[in-house]
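Notes follow once the structure below has been shown.
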Amino acid sequence: MSMIKAILFDIDGTLLVTGGAGAVAWQRAFLELYGVEANIEEHTHAGMTDPEIAEIVFREVIGRDGSAQERAEAIAGYLFHLQEAVDESAGYRIMPGIEELLPRLAGEGILLGIVTGNIESAAHIKLARGNLNRFFAFGGYGSDSRDRVELTKKALERGESFGDQLRKDETIAVGDTPRDVLAGQGAGIQVVGVATGSYTVDELREAGADWAIRNVASDFPV
């Protein structure tokens with residue numbers, strides 16, 4: 001294994017959980033726009049991008065494909081409600097070991113980035129409550145692409161602005177779902193699977209994670 005110079009972190013289930021704040025914000029947005037109760041947890045899976053979520057809710061709750069403009073309005077409504085939902089969430093918490101790991105990695109000169117299905121502004125809202133934005137210099141987001149592989153490639157591309165090109169054998173991703181594993185490997189980098197979300201160590205290993213660990217406080221490879 002080459003010396004690791006950059007690490008890309010997923011947000012939900014990996015760095016933190018919002019205690020359902022995202023679902024609350026989506027529900028409030030669709031109630032406001034269409035007068036319907038939209039429980040996204042009944043229709044979506046961990047690791048989906050925000051644009052995917054908007055499409056699925058239209059199809060399975062509204063009963064039709066929303067237009068591009070309607071999906072954009074729904075995402076805008078979600079963002080409008082997200083800050084309040086995150087602020088008031090009693091279940092918001094940072095995952096075990098993260099508050100110790102991030103400053104250590106930053107202190108060692110490792111470049112830290114984000115890879116997430118959240119659109120960029122939603123990602124920053126979620127990170128801000130835990131004071132985590134300060135660790136991340138760049139990222140790839142659901143607002144870049146609805147495809148997890150492509151947004152991971154976008155993060156690698158943005159990381160190049162901080163110096164030499166990010167070598168794939170010197171960069172790893174960290175995530176808590178099989179989608180995170182497939183996204184990282186699809187972009188050509190190795191992946192640490194952490195069982196702090198909805199999937200077990202065995203499930204992440206079976207999905208192809210190069211390392212599968214209980215949390216970043218135990219056996220993190222860097």
Side-chain angles (χ1 to χ4, degrees), residues 1-2 4-18 22-23 40-57 59-60 95 97-98 101 105 110-120 122-123 126-127 136 138-160 165-216 218-222:
M1 179 179 175
S2 300
I4 297 302
K5 296 183 178 178
I7 303 177
L8 310 177
F9 284 86
D10 173 55
I11 295 179
D12 296 291
T14 301
L15 290 172
L16 57 87
V17 291
T18 65
I40 69 163
E41 294 177 349
E42 293 180 355
H43 304 281
T44 61
H45 304 287
M48 286 185 170
T49 64
D50 284 342
E52 285 180 301
I53 291 172
E55 290 177 6
I56 289 169
V57 173
R59 187 166 57 249
E60 298 189 9
M95 294 291 92
I98 291 295
L101 178 66
L105 295 174
I110 295 174
L111 187 61
L112 303 180
I114 290 293
V115 280
T116 178
N118 289 282
I119 56 178
E120 186 170 1
K126 292 180 178 183
L127 292 169
F136 300 103
F138 65 103
Y141 306 92
S143 40
D144 294 315
S145 175
R146 66 192 304 280
D147 183 277
R148 292 295 299 252
V149 173
E150 293 305 313
L151 68 85
T152 303
K153 290 179 179 178
K154 190 66 176 180
L156 292 169
E157 178 185 322
R158 289 193 174 118
E160 295 175 7
Q165 181 175 358
L166 292 187
R167 287 181 48 177
K168 291 181 179 179
D169 64 341
E170 296 177 343
T171 304
I172 60 174
V174 184
D176 67 290
T177 75
R179 283 175 173 249
D180 298 321
V181 174
L182 294 174
Q185 294 182 338
I189 60 178
Q190 293 182 298
V191 182
V192 180
V194 289
T196 48
S198 304
Y199 295 87
T200 66
V201 168
D202 288 341
E203 288 172 326
L204 293 168
R205 186 178 293 116
E206 289 169 7
D210 299 281
W211 301 269
I213 60 178
R214 187 167 55 87
N215 58 57
V216 301
S218 61
D219 301 320
F220 195 72
V222 180

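In what follows, residues are counted from 1 in the order of the sequence shown. Every heavy atom of this structure was used, including side-chain atoms; hydrogens, water molecules and symmetry mates were not.
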>> Under 4.0 Å between a side-chain nitrogen and a carboxylate oxygen: does that hold for Lys153 and Asp144?
In response: no
> Under the criterion side chain to side chain contact (heavy atoms under 4.5 Å, CB included), which of Ile114, Leu112, Leu111 is the partner of Phe138?
Replying inline: Leu111
> What heavy-atom pair brings Gly175 and Asp10 nearest, and what distance separates the two atoms?
Replying inline: CA-CB, 4.0 Å
> Counting N and O atoms only, with roles assigned by atom type, does the side chain of Asp50 sit under 3.5 Å from a partner on the main chain of Gly142, one being a donor and the other an acceptor?
Replying inline: no
>> Quick one: does any side-chain atom of Thr171 pair with a main-chain N or O of Lys168 as donor and acceptor, under 3.5 Å?
In response: no
>> Show the nearest heavy-atom pair for residues Leu8 and Leu156, with the distance to one decimal.
In response: CD1-CD2, 4.0 Å
> Where do Met95 and Leu15 land on the side chain to side chain contact (heavy atoms under 4.5 Å, CB included) test, with the steps shown first?
Replying inline: CA-CA 6 Å; Met95 294 291 92; Leu15 290 172; 5.8 Å; no
>> Looking at every heavy atom in both Ala209 and Gly193, which two are closest together, and how far apart are they?
In response: CB-N, 4.0 Å
> Does any non-hydrogen side-chain atom of Met48 lie less than 4.5 Å from one of Ile56?
Replying inline: yes
>> If you define the side chain from C-beta out and look only at heavy atoms, does anything of Lys126 sit under 4.5 Å from Asp12?
In response: yes
>> Quick check: do Ile11 and Phe136 have side-chain heavy atoms less than 4.5 Å from each other?
In response: no
> Val222 and Ile172: which non-hydrogen atoms are nearest, and at how many Å?
Replying inline: CG2-CD1, 3.7 Å
>> Going by the rule side-chain hydrogen bond (donor to acceptor under 3.5 Å, both in side chains), which residues pair with Asp210 if we only count those two or more places apart in sequence or in a different chain?
In response: Gln185
> Side-chain contact, heavy-atom cut-off 4.5 Å: Tyr141 with Thr116?
Replying inline: yes
> Can you tell if the side chain of Thr152 reaches within under 4.5 Å of the side chain of Asp180, non-hydrogen atoms only?
Replying inline: no
> How far apart are the closest heavy atoms of Arg158 and Gly139, and which atoms are they?
Replying inline: NH1-O, 2.8 Å
> Can you list the residues that meet the side-chain hydrogen bond (donor to acceptor under 3.5 Å, both in side chains) rule with Glu206, with sequence neighbours excluded?
Replying inline: none
> Between atom CZ of Arg167 and atom CD1 of Ile189, what is the distance when rounded to the nearest 0.5 Å?
Replying inline: 14.0 Å
> Hey, is CZ on Arg214 packed in by over 12 heavy atoms from elsewhere, all under 6.0 Å?
Replying inline: no
>> Quick one: does any side-chain atom of Asn215 pair with a main-chain N or O of Ser218 as donor and acceptor, under 3.5 Å?
In response: yes
>> Distance check, rounded to the nearest 0.5 Å: Asp147 atom CG versus Glu52 atom CD?
In response: 8.0 Å
>> Quick one, Phe9 and Leu105 - any side-chain contact, counting heavy atoms below 4.5 Å?
In response: yes
> Just checking, is any N or O donor in the side chain of Thr196 or Asp176 under 3.5 Å from an acceptor N or O on the other one?
Replying inline: no
>> Using every non-hydrogen atom in the two residues, find where Arg146 and Pro51 come nearest and quote the distance to one decimal.
In response: CB-CB, 4.2 Å
> How about Val192 and Val216: do any of their side-chain heavy atoms sit closer than 4.5 Å?
Replying inline: no
>> Quick check: do Val174 and Ile7 have side-chain heavy atoms less than 4.5 Å from each other?
In response: yes
> Please walk me through it: do Glu150 and Lys154 pass side chain to side chain contact (heavy atoms under 4.5 Å, CB included)?
Replying inline: CA-CA 6 Å; Glu150 293 305 313; Lys154 190 66 176 180; over 6 Å; no
